[in-house]
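One structure is given below, encoded as structure tokens.
In this chain, numbering begins with 1 at the start of the sequence shown.
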Amino acid sequence: MTADPQQTPSSRAATAFAGLHRAGEPLLLPNAWDHASARALAGQGFPAVGTTSLGVAAAAGLPDGTAATREETLRLAVALGSEPFLLSVDAEGGFSDDPDEVAEFARELYTVGAVGINLEDGLGPATRHAAKIAAVKRAAPGLFVNARTDTHWLGDGDGTLARLDAYQQEGADGVFVPGLTDPRGIEALVRRLEVPLNVLYAPGGPPVARLAGIGVRRVSLGSLLYRRALGAALEAAADVRAGRTPTGATPSYDDVAGLAAPGHAAGRGPTTEWIQPTAARIAAAGPDM
């Protein structure tokens, strides 16, 4: 695909992000909870990074899924939107039941550099969620809207296809069904959808290669990395208390200090070595993008 010379940098980045949702080679999206975790993940070669609402909420001492972290989510997006990787933001249900308010929040995200937004229905009325999606696409047409249904996360799966169909008809660029891990169920959904299907990686579920083979085009890690980081911290503390030397990968002080925003990095951290230039990130998303 040849880039449109009239596209803005934001629209080119959004196009690049959409292009990462490939059949046979799904986007593996790691989810960060702060500036350091996002830059560290980008430094490992991930062209796109998402945020995790649980991680953002827990780090701020707030409950997840209750629309309590609007400001924290926007603040993180402001910090990450100018970084040289593609950013998708987990915005719970948009922090409002009013489609216009959700659309305004999405517009703010796009303005500060986000290329994607994840919106969950929480098993609320499908018509309300569809209205949010339509409003977001009017306010920020270039923003990749990943419409999540919680039919498998909070329910028994009933009504999944009807909800997803309503969301894609209102302009969703992709759909997300966390909690669905059965390969046959996933494959059946893929055959019925017009937009990319996103699933949540489950340690006991199908590996990424299997998901790729049945048509999934995006695999999110959700809160897994945040929870694993907490687990590693607890294990290290327990090891020291028990007289053992902690094991596992441990970045140096300078490595972590080097994850500060450009112009604020301290020590000798490999800030420029860990992060590729923005143009290279976009180029990596696809030929001639």
Side-chain angles (χ1 to χ4, degrees), residues 14-15 17-23 26-27 29 50-51 53 64-67 70 73 88-110 114-200 211 214-220 222:
T15 300
F17 181 68
L20 291 173
H21 296 70
R22 304 182 184 118
L27 168 63
L29 189 72
T51 62
S53 65
D64 183 33
T66 62
R70 184 188 191 282
T73 300
S88 182
V89 176
D90 182 351
E92 297 186 5
F95 305 112
S96 175
D97 286 338
D98 183 337
D100 290 335
E101 291 182 3
V102 175
E104 174 57 23
F105 183 71
R107 187 196 63 77
E108 291 181 79
L109 292 178
Y110 190 62
V115 297
I117 185 173
N118 194 76
L119 291 173
E120 62 195 52
D121 64 17
L123 281 188
T127 53
R128 182 176 67 200
H129 201 58
K132 291 181 183 182
I133 294 164
V136 169
K137 293 305 292 185
R138 288 193 298 269
L143 192 65
F144 189 103
V145 176
N146 197 42
R148 165 176 159 170
T149 185
D150 289 302
T151 50
H152 283 267
W153 192 249
L154 301 175
D156 60 6
D158 186 52
T160 299
L161 184 59
R163 285 176 178 265
L164 297 184
D165 186 56
Y167 303 159
Q168 67 181 4
Q169 293 305 317
E170 290 300 333
D173 301 285
V175 291
F176 183 24
V177 189
L180 176 61
T181 59
D182 173 50
R184 288 177 297 181
I186 292 171
E187 194 168 17
L189 270 186
V190 168
R191 289 197 298 266
R192 301 288 296 273
L193 292 170
E194 300 171 6
V195 297
L197 176 63
N198 177 196
V199 299
L200 182 68
L211 294 171
I214 56 178
V216 171
R217 286 195 263 170
R218 175 164 159 179
V219 181
S220 298

Any heavy-atom pair between the side chains of Phe176 and Leu119 that's under 4.5 Å? no
Taking the side chain as everything from C-beta on, heavy atoms only, tell me whether Arg217 gets closer than 4.5 Å to Leu197. no
Search all heavy atoms of Ala106 against all heavy atoms of Val136 and return the closest pair with its distance. CB-CG1, 3.6 Å
Output all residues satisfying salt bridge (Lys or Arg N to Asp or Glu O under 4.0 Å) with Arg70, sequence neighbours left out; order by chain, then residue number. Glu108
Kindly determine whether Leu123 and His129 satisfy side chain to side chain contact (heavy atoms under 4.5 Å, CB included), including the steps that lead there. CA-CA 9 Å; Leu123 281 188; His129 201 58; over 6 Å; no
Criterion side chain to side chain contact (heavy atoms under 4.5 Å, CB included) on Tyr167 and Asp121, from CA distance to verdict: CA-CA 10 Å; Tyr167 303 159; Asp121 64 17; 2.8 Å; yes
Measuring only between side-chain heavy atoms, which start at C-beta, is Leu193 closer than 4.5 Å to Leu164? yes
Which atom pair, heavy atoms only, marks the closest approach of Glu170 to Ala134? OE1-CB, 3.3 Å
Measuring from Trp153:CH2 to Leu200:CG, what's the distance to the nearest 0.5 Å? 5.5 Å
Please report the closest heavy-atom contact between Ala147 and Ala172, naming both atoms and the distance. CB-CB, 3.8 Å
Please determine whether salt bridge (Lys or Arg N to Asp or Glu O under 4.0 Å) holds for the pair Asp173 and Lys137, giving the CA-CA distance in whole Å, both sets of side-chain angles, and the decisive distance to 0.1 Å. CA-CA 9 Å; Asp173 301 285; Lys137 293 305 292 185; 2.8 Å; yes
Closest contact, heavy atoms only, Ala14 versus Gly142: CB-O, 3.1 Å
Is it the case that the side chains of Asp90 and Thr51 hold a donor-acceptor pair, with the cut-off being a distance below 3.5 Å and no angle test? no
Under the rule for ring-ring contact (aromatic ring centres under 6.0 Å, His included), what residues qualify as partners of Phe105, not counting sequence neighbours? Phe95
If we only count heavy atoms from C-beta on, is the Asn146 to Ile117 side-chain gap below 4.5 Å? no
Val177 and Asn198, any side-chain heavy atoms less than 4.5 Å apart: no
Would you give the length of the straight line joining atom CG of Asp156 to atom OG1 of Thr151, rounded to the nearest 0.5 angstrom? 8.5 Å
Test salt bridge (Lys or Arg N to Asp or Glu O under 4.0 Å) on Asp150 and Arg148 and set out the steps. CA-CA 7 Å; Asp150 289 302; Arg148 165 176 159 170; 2.6 Å; yes
Euclidean distance, Ile133 CD1 relative to Arg138 CZ, rounded to 0.5 Å: 11.5 Å
Pair Val219, Leu29 - check side chain to side chain contact (heavy atoms under 4.5 Å, CB included), show working. CA-CA 6 Å; Val219 181; Leu29 189 72; over 6 Å; no
Counting distance only, does the side-chain N/O of Glu92 pair as donor-acceptor with the main-chain N or O of Gly65 below 3.5 Å? yes
When rounded to the nearest 0.5 angstrom, what is the spacing between CD1 in Ile186 and CZ in Arg191? 12.0 Å
For His21, the ring-ring contact (aromatic ring centres under 6.0 Å, His included) test, sequence neighbours excluded, returns Phe17, Phe144
Separation between CD1 (Ile214) and CD (Glu187), nearest 0.5 Å, reads 6.0 Å
Restricting to non-hydrogen atoms, name the atom on Pro99 and the atom on Ala135 that form the minimum distance, rounded to 0.1 Å. O-CB, 3.5 Å
For Ser96, does its backbone N or O pair with a side-chain atom of Lys132 as donor and acceptor, under 3.5 Å? yes
What distance do Asp165 atom CG and Arg192 atom CZ have between them, rounded to the nearest 0.5 Å? 8.5 Å
Can you find a side-chain donor-acceptor pair between Ser88 and Asn118 that sits under 3.5 Å? no
